[in-house]
S.K.: 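One structure, pasted below without further comment.
Just the heavy atoms: all of them, side chains too, but no hydrogens, waters or symmetry mates, feed the values below.
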Amino acid sequence: MTQDNLTAKQSDYAVFLPAISGFYSTFVGKQRNEHYVDPARFPQGLTDMEQLNWLNSTKALFPYRWSLASGGHANLDLSKQDWSEDMVRNREPGTFLLGDSGGFQIAKGLWEGDWRANSGCAKAQKKRELVLNWLDNVSDYCMTLDIPTWVIHDKKAAKACQISTLPEAVAATKFNNEYFMKHRKGVRNGGTKILNVLQGDNHNSADQWYDTMKEYCDPAKYPDTHFDGWSMGGQNMCDVHLILRRLVALRYDNLLQEGVHDWMHFLGTSKLEWAVLLTVIQRAVRKYVNPAFTISFDCASPFLATANGQVYYENVFEHDSKWSYRMGPSADDKKYSLDTRKWSTGVITDGIYPRWQDSPISDMLTMKDICIYKPGDLNKIGKEGKTSWDSFSYALLMGHNVWMHLTAVQEANRRFDAGEYPAMMRRSTGDYARFEDIIEAIFAAPDRDTAEAIIETYDSYWMEIVGTRGFKGKKTKNARTQFNALFSFEQPEVDTDPEDQLQLEALQLLESEQIK
């Protein structure tokens with residue numbers, strides 16, 4: 001087996017973290033203990049399920065050492081063996097896992113309880129205890145248990161968690177922060193490092209949030225229990241103007257110290273151009289502020305796309321134009337159940353895709369490996385469904401989509417370093433300006449006032465950068481809203497017949513794993 005070692009190809013780029021779906025990881029973990037998938041079902045060339053586990057450096061088809069997992073969908077009881085969790089719980093030493101805390105689940109009412117500060121709610125308190133223990137024992141870094149500010153704009157969400165105003169969201173997050181700070185295991189004792197989540201649905205509320213929460217990262221105030229970095233949520237994750245203002249504030253508030261605050265994560269960021277944008281910012285911070293600083297970003301789009309019946313077929317890097325992933329509805333027809341043509345041949349010949357970029361997974365597939373059901377075949381619940389896919393079909397295509405997303409991010413950075421660029425990285429109005437030159441000027445500035453003045457000078461440019469202020473307030477709260485905005489594709493109809501629940505259930509599961 002020839003590996004495509006994506007870890008070795010990472011260079012000094014901002015780090016993309018695939019947000020591991022429990023649907024996918026179950027196949028890896030359960031196969032370690034049983035024939036969860038009959039090996040006879042494997043496509044030719046796949047001999048071990050670990051080949052689909054990018055966290056396995058020796059067996060994976062494409063080793064990649066970084067990922068994110070959410071406590072919101074995990075079995076938090078670590079006292080019992082759960083093979084469906086094994087890809088995360090027993091990952092290879094030397095891999096990196098960022099743990100999400102479950103604030104999204106609180107906001108959606110999936111973690112029941114009154115989450116207001118000092119509510120005394122037993123359900124909420126039990127969940128605090130369980131998720132902190134899980135994070136401390138499975139992750140290298142994790143996020144604090146924040147209450148996303150979009151909750152206050154959503155009556156259903158506000159009712160679910162009993163939080164309906166910005167002060168209540170801030171107070172509840174402070175309460176959770178203080179619990180984490182008091183009860184964390186501690187890095188010296190082998191515990192996780194904690195990222196201070198910054199929320200806010202506009203500049204004013206984001207500033208208020210920062211001014212309130214920044215003390216938790218202050219080693220002067222909390223020398224032994226301070227938090228260890230930053231996570232950007234709400235408007236902070238999608239507004240370049242606000243991001244740069246915040247980074248300058250962190251620098252001059254002495255909260256980007258080397259060895260203390262080395263990590264910053266951007267929640268739910270999947271637009272391809274942002275992979276380059278964040279790399280430029282990371283390099284500037286390393287050069288002028290903290291040489292150990294790393295930016296990461298995550299999304300579950302490769303998994304969610306598959307649940308929608310969508311498969312990545314190519315990545316596009318047209319110089320001085322839009323850079324993007326391209327996906328479309330995949331082959332799903334029982335007529336292919338005996339078709340031994342190579343997958344790439346079949347989907348192009350039959351006009352399903354105009355072009356096809358093979359991954360190490362799709363390269364081994366035939367048409368019948370995905371379209372497994374023949375007319376008359378019964379599915380797992382004993383009925384004949386409309387789809388030709390079984391659950392393993394989804395897993396295989398999810399793996400393909402992960403590889404496509406990872407390679408797109410890395411290729412975008414390689415092309416940028418070679419002198420190519422997406423149009424978004426060049427100012428189109430007024431004085432011609434390169435994004436990287438503006439970032440250099442901001443961080444090379446001799447003082448805070450000068451840096452902030454440079455940021456404000458380019459206010460109109462920040463408005464041009466797609467995916468920034470277009471996502472604010474209610475638009476940042478909904479995973480489907482953001483997913484549709486980030487990708488251009490034909491939306492397939494999800495089959496909701498009772499005997500064809502797999503796709504719908506997978507979609508519901510994966511949607512709940514999206515951004516805060």
S.K.: How about F297 and H265: are their ring centres within less than 6.0 Å of each other?
M.R.: no
S.K.: What residues form a ring pair (Phe, Tyr, Trp, His ring centres under 6.0 Å) with W134, not counting sequence neighbours?
M.R.: none
S.K.: Could you check whether E92 pairs with R65 (Lys NZ or Arg NE/NH1/NH2 to Asp/Glu carboxylate O, under 4.0 Å)?
M.R.: no
S.K.: Distance-only, no hydrogens or angles: does the Q282 side chain make a donor-acceptor pair with backbone N or O of I295 under 3.5 Å?
M.R.: yes
S.K.: Does the distance from a Lys or Arg side-chain N to an Asp or Glu carboxylate O, for E318 and K322, drop under 4.0 Å?
M.R.: no
S.K.: Looking at side-chain heavy atoms only, is the closest gap between S393 and I372 below 4.5 Å?
M.R.: yes
S.K.: Are Y24 and F303 close enough that their ring centers fall under 6.0 Å?
M.R.: yes
S.K.: Charged N to carboxylate O under 4.0 angstrom, R41 versus D38?
M.R.: no
S.K.: Give the ring-plane orientation class for F96 versus W263, where under 30° counts as parallel, over 60° as perpendicular and anything between as tilted.
M.R.: parallel
S.K.: Is it true that D12 and R283 have a side-chain N and a carboxylate O under 4.0 angstrom from each other?
M.R.: yes
S.K.: Taking atom CG of N236 and atom CG of L267, what is their separation to the nearest 0.5 Å?
M.R.: 10.0 Å
S.K.: In chain order, what residues pass the ring pair (Phe, Tyr, Trp, His ring centres under 6.0 Å) check against H400, with sequence neighbours excluded?
M.R.: W356
S.K.: With sequence neighbours excluded, tell me which residues meet side-chain hydrogen bond (donor to acceptor under 3.5 Å, both in side chains) with S67.
M.R.: W54
S.K.: Kindly say whether W323 contributes a backbone atom to a donor-acceptor pair with the side chain of E273 at under 3.5 angstrom?
M.R.: yes
S.K.: If you measure from CE on M424 to CH2 on W274, what distance do you get to the nearest 0.5 Å?
M.R.: 7.0 Å
S.K.: Using 0.5 Å steps for rounding, measure from the OG1 atom of T294 to the CG atom of D262.
M.R.: 7.5 Å
